[in-house]
Amino acid sequence: MHGFYIYAITAILLFCLGLWGLAFHRNLLRKIVALNVMAGGVFLFFISIANPDQSGEVDPVPQAMVLTGIVVAISLTAFALCLARRIHEKTGQNELDTSCSIEDGDG
Amino acid sequence: MESLLVLVPLAAAMGSFLAPGRGIASWGFLTSLAIPALAAGTAMDVYQHGARRISLGGWAEPLGIHLHMDGLSVIFLIMTALVGALISIYSAFFFKRDTARHFWPLWLLMWAALNSLFMVSDIFNAYVVLELVTICAAALAVLSGKTESLQAGLRYLMVAMAGSLAFLLGVGFLYAETGMLDMFMLSWELQGGPVAAAAFGLMTTGLVMKSALLPFHFWLPPAHGEAPAPVSALLSALVIKGSFFLLLRLWVGVFEPAGITSHAAYVLGCLGVLAVLWGSYQALIQPRLKLIIAYSSVAQVGYLFLMFPLLCTVPEAPWAEKAWAGGTYQAISHGLAKAALFLAAGNLILSTGTDRIHYMKNIASRLPMTTFTLGLAGISLMGLPPSGGFVAKWMFMQAILESGQWWWAVAPVLGGLLTAGYVFRILGYAFLLAEKEPRMLPVPFVLEKIPLILALCSILIGFRAEEIIFLLQEHMLWAIEVEGDS
Amino acid sequence: MNLNFWLPLLVLCSSLFAGLIIFMLDESRSRLRTALNLFAAAFKVVAVHYMAYRLLVHGEMHQVGFSMGLGFEFLIKVDFLSLMFLALSSNLWLVTTLYAVGYLEGSPNRSRFFGFFSLCVTASTGIAMAGNLITFFIFYEFLTLTTYPLVVHRETRQALEAGRNYLWYTIGGGSVLFVGIVWLHVLAGPFNFTDTGVLEALDPAHYSTLVIIFALLIAGLGVKAALVPLHGWLPVAMVAPAPVSALLHAVAVVKAGAFGIVRVVFDVYDREFAAGLGLLEPLAIVAAVTIIFGSVRALMQTDLKKRLAYSTVSQVSYITLGAAILAPFSTVAAIVHLVHQGIMKITLFFCAGNIAETLGLHSVRDMGGVGRRMPVTAICFTVAAFGMIGVPPVAGFVSKWYLGLGGMDAGLEWVVGIMVLSSMLNAAYFLPVVKTIWFKHAQKKWRTKHSGRFEAPLTLLLPALATASMSLLAGLWAGWTWSPLGIAEQIAAGMGALP
Amino acid sequence: MIWVLAVFFPLLLAGLCLITKIKDRYWVRLAALGPLPALGLAVFGYDVPPLEMPGFLLGMHLGFGEYGRYFLLLMAMVWTGAGLFAACSMHNDPDRRSYTILFLLAMCGTLGLAVAKDVVTFYAFFSLMTFTAYSLVIHNDTPFAWKAGHVYLVMAVLGEGMLIAGLMISVHVADSVMFMDISRAVAGLSPAHPMFFLLFAGFGIKAGILGLHYWLPLAHPAAPTPASAGLSGAMIKAGLLGWLYFFPVNAASMPSWGAFFMCLGLLGAFFGVLAGLLEKDPKTVLAYSSISQMGLMAFFLGLALFDAGLAKTALPGILMFVMHHGLAKAALFIGVGATKYARGQGAVTFLLLAALALPALALAGAPFTSGIQVKYLMKDLAAMGPLHSVSGILLPLSSLGTALVMAHFLYRILNEMKSAENACPRDQSLVWLIMVAASAGLPFIAVQAFEVLPAAWQADAGFIWGGLWPVLLGIVIYPALKSRVPLRAAFRSWPDAVEIMERTWRLYFARWRSSPFCHPSCGQINFVYMVDRYIYGYKSMETPCSIEFRLRQWPVAGFLFVVLTLLLAGLGIMI
């Protein structure tokens, strides 16, 4: 039971860390990594609930889910990296543009 | 038949990916012929026999994948089929060769994912298909390859991914609490408590982010505004509805019976009202046509969230059926109308070569059909009779007044007014006489007709509300709980 | 499935289908379009009169209804009051179509114009025949939408501005009305205009809610009926072509609002009940304020059409005032003024349009000598203007007379004061126009486009002549059983007594 | 049918004149035919049954009633004369067509109101007369005519307003539109009932009662001669007729109103004399004389109203007065028109003056005229009525005043003739002489009609002297007055009420017109423009834009994510 909490709390901390990174890092690569940290946190949580009471029986369902989740996360990361590279190619920047989109009204 | 709904577009996606030749659009055509027929068949089935569950591959409850079919999913399926098919036909005439090569596999894959999302009964599978939808949608959004669209697409992707991860963490919490993933078993098993509440918060926020409800709407206007017209239509009409559908399922099916939602629903209601007002207001001041429509989506999504305080605060509320019907109707009619609007906007951009409404003068006499489409779709969005939007507004309004939570009425009333404001802002320029004859390209026949058909559909569903409401009321999610259990 | 079923549908569809076909017609096929228009209009007039004959003489009940699946019925039902509005709008549609054909001769986008024109009349026909509040609302909103393209028809910046104004106002009003209707529906369930005493049967605890609902309904309808302070769109909408103004002011829009108020007061709330709730007196006061305000504002206008617009603000509120006074005479006045105001105001707009079109004159000051150049138009204008002032034997007198008497019967003596004050203000802004037209001399050379045998194209002249004669005859033969007054008296005598 | 023909024949002629293309100069001549059916009806139709047309207006009732026949007779006679004169004098007028039409319409109005038996019909004809008369007033298109027309119109509209209010109240009180019921119902009303005030003023404007007479001395001279004859002979009597209908003359005593009428009437009588003496234009002199005479009629009416017992005798007197004054005044106006261009030379002048003098003498109450009949009757009644001591002095004085005004009038005419150049047209003179004859012949008919009247041709010396002395005195005094008393100088410093009112009105009106209240856009309440200012204003564009910008920042979004999650989870726990 004790171990479960360690894992679970670590998982949630990881999730929050990733979220923090996503929010506060401007560099795209860092953002993508932060997302992966979040994903890692979630997967860790799944792993932790597969065997909450440290007994011999391990629930296979969360593990299957983690496997699937990793696949999903990898593909998304790959795609995001692709996009980030294209943006870098086009603009030479590693950040997202956040300007106000309204130039003029028509009164 | 139900699995065909997923398999057909999936196969077509593969086909179009593997054979991206001259006839790539025929994959889309074939799918758009098949899916509406399949969806209609499923709908007839549900209409006559009630909701059903199907176990894929014969696996038993906890492990197998189940498809769940009730009135709600059927209605979303049909809406997706209709909108998807018409947009497919439009796209076949819209995209040039090289873009079509990317478009068709992505879109058909997304169609498959959407169809499965509407039938899914398992929250983890829901996560998977939702991610599938997301990745396809993000890829579609960057189809034009312009810098702005790339940035918008990436932002969308990251927000959606963060949302999905929150959802997934919530799934984990639920599984930790109950040890099961199936929504309908959860609805029996789940009790309140901190873990369930945390799962509730995470899942809701994740889905809210993906549905672009007010504070998280920032990714939507650029993503929808920069994409090519049919893609914007797909994103607005269908993709947002996917995550909203899931949210609705979870709230009504899982969290409401657990009694978690009764206070939190007000938060979503408030955000909905704010979204309606804010989105409409933003739409009112945007200079670009597609941004107007995109912000209009922000507003219309807000309407949908009014369902929650009406459905999930008081158990067994007598007005729940009306709110339920109203919200669903809003989702469908918005899907149809918004698709029509985006496609019509695509025509306008095609013809005038600009996205700025200042330059879209005198289109009323040059493109009367498109102007008419804008008007019709606008009517549905405004909720003027007789249209799908009106039915939604009527039902909503009744539920709101019956429930005594009259303050929600601000959204339909003021929102409708503001909607009229921006719709007629577009139409106003359409009627304005140009000082000098603007150069206008002709718009192909089909491209003009498809949005018109969509807009007409969004009007016409207002006339036959009876069947749809029957579908919703007689076969609502909770009506089959016993059957699902047995 | 007999004539009682088909006749209302025919009446409704005659203009609907005409409109849809006209949309599809090519711009250049003006002769076919005109023929179609006139045929549909004439057909409608005949159908309406046949229906009137069947209803009035044989007491046949015309009714069509089907369920919308939303807990209410889409009901079309013709009673006396419907008939009144129906006859007005169908007849005036015919003359206005004729007028519009002449007025828009050779201008662009006529297919669009006449298409929406027909749809607009369909909407007002639907409003007339609506059997319950929701059906009414559906047509009411339809009317809003179909008139917008007509208002912006000129495609200028002012036209656009006017259209925007019009829309914001009417859609806003529609939203408020919608809330009221839904609330009423929630409270009392679905009910039709002919069901009496539904609201009275409610739990008295709901009575305060009913007051709020009444305010919502009136505020919603008051936008179209141009009750002060909700009248702002009407003068701005003046930039529309003259036939559209005629339509807005006399046939459809403003009239629809006023008709709605009459319906709400008579058939939804029932006047005794409304009076018991203390609703009628505030309504009467609002109407009275509107009457005076509109007249005063009209006095300040130099543009003839603007003056007429404010005059409408004032005149239409007579209907509201009549509805808000609990006396048989004022009921008659409200109903009969629905018609009288229509035929008189449309005459004025036709004439103003004629003058503007033929001589290019808009300001009242420049209109000297018009009487000599265009005597028929000037005579029509004079007749209608005197009607507006309330000089017998033109129709307007009848309305005012009954309204004043009704006010006194109800113990509201101030109504007579309002009546007189308003008549004098009417005189103050109409008589100078009449004086200038007839007795002043032309100040400068006219920019005249027309050169023909008559003073103006016959299509412009005949409608004005027809409506002017109608307003004169409606006053002269007011005592006839089937005159507008006669029918209004029958309605007042047997309100809702019809099966 | 007879009624319709009699009343609407002028209308028919007007309609024909309007739509036919034949030379309009003939139509001017046909105008004289207008009143003939009415004349015939009034003379021969004493037993024609009243007409009821329920479909027409709000139910039209035509019939003689109590007073109708006399009024119809008078109006028809006056209009015949006016029409004949118009036929002779207007055929070269550039606007003769419209003049003819409006002349006929005004004629129709006066004829109709004389025989109307219900309120609505009465009012319809009354307003027809009122508004068409305006066009007659401004017909000459001179600045003076426009001014006169303006004053006339403003007062007429005010009058119509008060009238319609009063009529509505009366119908409400009586619950019937018939005059018969109304006169019965008003008898029971308190004299302070607002209806009386409204109707007094409404009809008073038309009747030119003192205080409401401003339009009269302007409008009558401004109009062309035939129209002046019609206005003065017929139209102002309509006001009196209205009073007769709506005050309970025969049915009840109303001392307060009676005394009020009497006082106001006497004041008006003297005011008219004084003001008339100050004027130069013969038509204006006549107009003031009309005010004076209407004052006397009001006095008469007041007597009848004061005491119902006197009414039986007073009513025929009033009717007689109406006819007497109408005919004489019409004859005088037509005379002015006929002699306007006449070159005065010797015998012709004398003859013309003599002919003019006849109706003038009648007005002054000379023996052997209708005037003396009225005067004697009035004197007898006044002696029985209240204030008999005062009125015993004032009535003869008013006769003297009338004589003076008439002398003044003849003097002014003489002056005019001196400066004239043309000969008097023969046909015009003929018409005029017919009118003079009608006026002179009135006593013979009148004695037949009203038995209370004394005969005009009595050989009784006292009777003759009673009529003669004011006239003689007037003739004697007038030259002295003219040369010795600088009347004009004495009264020039008196402010002219109309002038003052007009000046004040102009001042304030101009100020009002130029004030921001009168700008066409004042009071414009337009919510759309108000909302626009908020939506599209610079400030309101900035703030939302910056909010949107903030929301797009990742840290903000992350923060909101956490807040929403915690909020929802927290609320989820709270059950």
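Because the structure is predicted, anything quoted here is derived from the model rather than measured. Below, chains carry the letters A, B, ... as their sequence lines are ordered, and counting in each starts from 1.
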S.K.: For D:V119, which atoms come within 4.5 Å of any heavy atom of chain C: side chain, backbone, both, or neither?
M.R.: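 The answer is the side chain of D:V119.
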S.K.: Flag the pair D:I169 / C:M408 as yes when at least one side-chain heavy-atom distance between them is below 4.5 Å, and no otherwise.
M.R.: yes
S.K.: Report which part of D:D141 has an atom under 4.5 Å of a heavy atom belonging to chain C: side chain, backbone, both, or neither.
M.R.: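 Just its side chain gets close to chain C.
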S.K.: Find out whether C:L431 and D:Y134 are in side-chain contact, i.e. whether some heavy atom of one side chain is under 4.5 Å from a heavy atom of the other.
M.R.: no
S.K.: Which answer fits D:L18, side chain, backbone, both or neither, if we ask what part of it has an atom under 4.5 Å from a heavy atom of chain C?
M.R.: side chain
S.K.: Given a strict heavy-atom distance threshold of 4.5 Å, which part of C:L421 is in contact with chain D: side chain, backbone, both, or neither?
M.R.: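 Neither; nothing under 4.5 Å.
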S.K.: Could you tell me which portion of C:E413 (side chain, backbone, both or neither) has an atom closer than 4.5 angstrom to a non-hydrogen atom of chain D?
M.R.: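 The answer is neither part of C:E413.
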S.K.: Do the non-hydrogen side-chain atoms of C:W438 and D:L102 ever get within less than 4.5 Å of each other?
M.R.: no
S.K.: Sort D:M60 into side chain, backbone, both or neither according to what part of it lies under 4.5 angstrom from a heavy atom of chain C.
M.R.: neither
S.K.: What part of D:L153 is in contact with chain C, defined as an atom under 4.5 angstrom from a non-hydrogen atom: side chain, backbone, both or neither?
M.R.: side chain
S.K.: Measuring heavy-atom distances to chain C, does D:F125 have an atom under 4.5 Å in its side chain, in its backbone, in both, or in neither?
M.R.: neither
S.K.: Which atoms of C:F329 are under 4.5 Å from chain D, going by heavy atoms: the side chain, the backbone, both sets, or neither?
M.R.: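 No part of C:F329 comes within 4.5 Å of chain D.
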S.K.: Please classify the contact between C:R307 and chain D as side chain, backbone, both or neither, with a heavy-atom cut-off of under 4.5 Å.
M.R.: neither
S.K.: Taking all atoms of both residues into account, what is the closest heavy-atom pair of D:Y123 and C:G390, and its distance?
M.R.: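 D:Y123 and C:G390 have their closest heavy atoms at CE2-O, 4.4 Å.
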S.K.: For D:I138, which atoms come within 4.5 Å of any heavy atom of chain C: side chain, backbone, both, or neither?
M.R.: side chain
S.K.: Using non-hydrogen atoms and a 4.5 Å limit, figure out which bit of C:I389 sits close to chain D: side chain, backbone, both or neither.
M.R.: neither
S.K.: Verify, without hydrogens or angle tests, whether C:Y169 (side chain) and D:F527 (backbone) share a donor-acceptor contact under 3.5 angstrom.
M.R.: yes
S.K.: Between D:T121 and chain C, with a heavy-atom cut-off of 4.5 Å, which part of the residue counts as in contact: side chain, backbone, both or neither?
M.R.: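 Neither; nothing under 4.5 Å.
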S.K.: Please classify the contact between C:V236 and chain D as side chain, backbone, both or neither, with a heavy-atom cut-off of under 4.5 Å.
M.R.: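 When you check distances to chain D, only side chain atoms of C:V236 fall under 4.5 Å.
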